[in-house]
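Structure record follows, encoded as structure tokens.
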2 protein chains.
Amino acid sequence: MAEGVKKKRSAGRPRRLDPETIVATARRVIEEEGVDAVSMRRIAKEVGSTPMALYHYVRDKDELLLLTLAGVSAAIPRPELPVDPRARLIAVSAHMHGVLGRMPWVLKVLALGDLTDKQALWMAEEILDSAMACGLSPAQAVHAYRTIWHFVYGDLVFRAAMARRREEPERRRYFPAMLTEDDRAELPHLTALAPRWDELQEYDVTEQLSAIVDGLLSRAHGAAAPDRAEGTDGAEGPDRTGGTGGTGGTGGTGEIDAPDRRA
Amino acid sequence: MAEGVKKKRSAGRPRRLDPETIVATARRVIEEEGVDAVSMRRIAKEVGSTPMALYHYVRDKDELLLLTLAGVSAAIPRPELPVDPRARLIAVSAHMHGVLGRMPWVLKVLALGDLTDKQALWMAEEILDSAMACGLSPAQAVHAYRTIWHFVYGDLVFRAAMARRREEPERRRYFPAMLTEDDRAELPHLTALAPRWDELQEYDVTEQLSAIVDGLLSRAHGAAAPDRAEGTDGAEGPDRTGGTGGTGGTGGTGEIDAPDRRA
DNA sequence: ACCTGAACACCGTTCAAGT
DNA sequence: ACCTGAACACCGTTCAAGT
């Protein structure tokens, strides 16, 4: 609204449109009216241009949506995390859930791909780091990361669906309501729990996350890769094979069987 | 295509349209061309009618989509399940994952609500039953059900996204690819694992499910609600209160406090 | 290089009529 | 009760021009 000053144009080039304004406008529209309110035509009108002009800056609508993601997490303060790796794992996961819960539109866009915002990657890094500090192998840590992320994502989707349904005037006959006495024989638990379903359903995400984490960590030294419990050596140190990747092996497998970046 | 015979019309009423054909047509279109191919206009054309005629049978497009769900699971054979409750819990969850993985369109529609197909409820029932047989309280069992479902859902969404991305001609710069050497200091694990990310990412769902289940079950007699450890009474056998639900108590713990309006 | 206008092939849904 | 037609207010994207 009250911006007034337009971006300084570098001397003689009067480029009337620029990618930043386009993306910023799209983000504003999304935040104000939801993802579905975004259309090429709408954004074009909003920036005082024509739909086709946008196609000089983005390949298609999906790309525009993906671009709105970049930078959103920069605004979010990075929380203090516990040092204990298990607690840290849970805390980061809960943080991820909390942040996304407050910006539900991000979910819809994320389904188009995966993490696309560099500013958000510290969460994945932190999860990998604490998982490995708890004794998981790199592969197990990646799996743990995905399992946690999938749960968080699924939880948020259905949380949103539930909220939507709550404010729907005439509720459709969804799950618990569709059960009748006749179903008691086939579905005894469901029928019995149906009246209290909505309230029973509510849980504390952190509790569930902590259960999931426990399950994932229980695989630590088990089965395949025992990799000596160096868990607690959690020293940072960005050294990682020294220089600019001169070591042919990309330092990669250094990660696989010895995340040993000591200080 | 080659159907020829139209549904028998009950004598004199020449209702040209009926809900069953509408829904069946929608389902066919979805299966052949995906959810996005469904439009009121398209379905109308397909059944030889006009868009507005459909509105006499469904409230709106969402309702039509939801209706296509009903009955899909009837076609899927119910698998044999292990008797051991923990194994059963995992098996049902994996079955759910497998079935939905083969009908990805169902996912999109499910996000509109929750389970809507009565024929699919046996899975929820089975999860509740085995969770409680493992010692979880009814509330914990419901939470376990949701946690599992959220994970399964999230996993499938990103599995689909990955598949889509794989067959995209020019891959966009998604997560692992966007990392450079400069990020190594901030994101050491991620940078190190990036080259192998796609392969590391792949996991066996059943393994992850089994870890999750372990975590959830570890809460059995723990912390807050000890509710007399009736856990191991898991009298398996499919008998479940014997006959047609005549025993008011529905077996179990009487499910909370016995909502027992018996037959 | 950057932008416009017209056009193509669509949408969901409302409203006023028809039988 | 069941169905139609026209209309409203939209879509994403292609194509051929303009400057």
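Just so it is clear, the model here is predicted, and its values are computed rather than measured.
Listed candidates were C/dT13, C/dC2, D/dG12. Nearest to the side chain of B/K61 is C/dT13. Listed nucleotides: D/dT13, D/dC11, D/dC3. Nearest to the side chain of A/R42: D/dC11. Nearest to the side-chain atoms of B/T50 among the listed nucleotides C/dT4, D/dT4, C/dC11 stands D/dT4. For B/M52, the side-chain atoms get nearest to D/dG5 when compared with the rest of D/dC15, C/dC11, D/dG5.
Protein atom OH of A/Y57 is 18 Å distant from nucleotide atom P of D/dT13, rounded to whole Å. C/dG5 atom P lies 14 Å from atom CG of A/L54, rounded to whole Å. The nearest whole Å value for the distance from the OH atom in A/Y55 to the P atom in D/dC15 is 13 Å. Distance CG (B/D18) to C1' (D/dC2): 13 Å, rounded to an integer number of Å. Rounded to whole angstrom, the span from the CG atom of A/D36 across to the C1' atom of C/dC11 amounts to 13 Å. C/dT13 atom P lies 11 Å from atom CZ of B/R59, rounded to whole Å. The distance between atom CZ of A/R41 and atom P of D/dC10, rounded to the nearest whole Å, is 11 Å. What separates NE2 of B/H56 from P of D/dG5 is a distance of 14 Å, to the nearest Å.
The pairing partner recorded for C/dC8 is D/dG12, the criterion being a Watson-Crick or G-U wobble arrangement whose two distances lie under 3.5 angstrom. Base pairing annotation: D/dT19 forms a Watson-Crick or G-U wobble pair with C/dA1, both donor-acceptor distances under 3.5 Å.
For the atom pair NE2 of B/H150 and CD1 of A/I212, the computed distance is 10.5 Å after rounding to the nearest 0.5 Å.
Comparing C/dA17 with D/dC2, their C1' atoms are spaced 13 Å from each other, to the whole Å. Across C/dA7 and D/dC10, the matching C1' atoms stand 16 Å from one another, rounded to whole Å. Rounded to a whole angstrom, the distance from the C1' atom of C/dC3 to that of D/dT14 is 15 Å.
Proximity of A/S49 to the phosphate of C/dT4: a side-chain N or O atom is located under 4.0 Å from OP1 or OP2. Phosphate contact (OP1/OP2 of D/dG12, side-chain N/O of A/S39, threshold under 4.0 Å): present.
The 5' end of DNA chain D is approached more closely, in terms of each residue's nearest nucleotide, by B/A53 than by the other of A/M40 and B/A53.
Considering all non-hydrogen atoms of both residues, A/T21 and A/V47 come closest at O-CG1, 4.3 Å.
Contact check on B/R28 versus B/E31 returns no salt bridge, with no Lys/Arg side-chain nitrogen under 4.0 Å from an Asp/Glu carboxylate oxygen. Salt bridge present: A/K108 and A/D36 bring a charged side-chain N and a carboxylate O closer than 4.0 Å.
With a 4.5 Å cut-off on side-chain heavy atoms, B/R184 and B/E181 count as touching.
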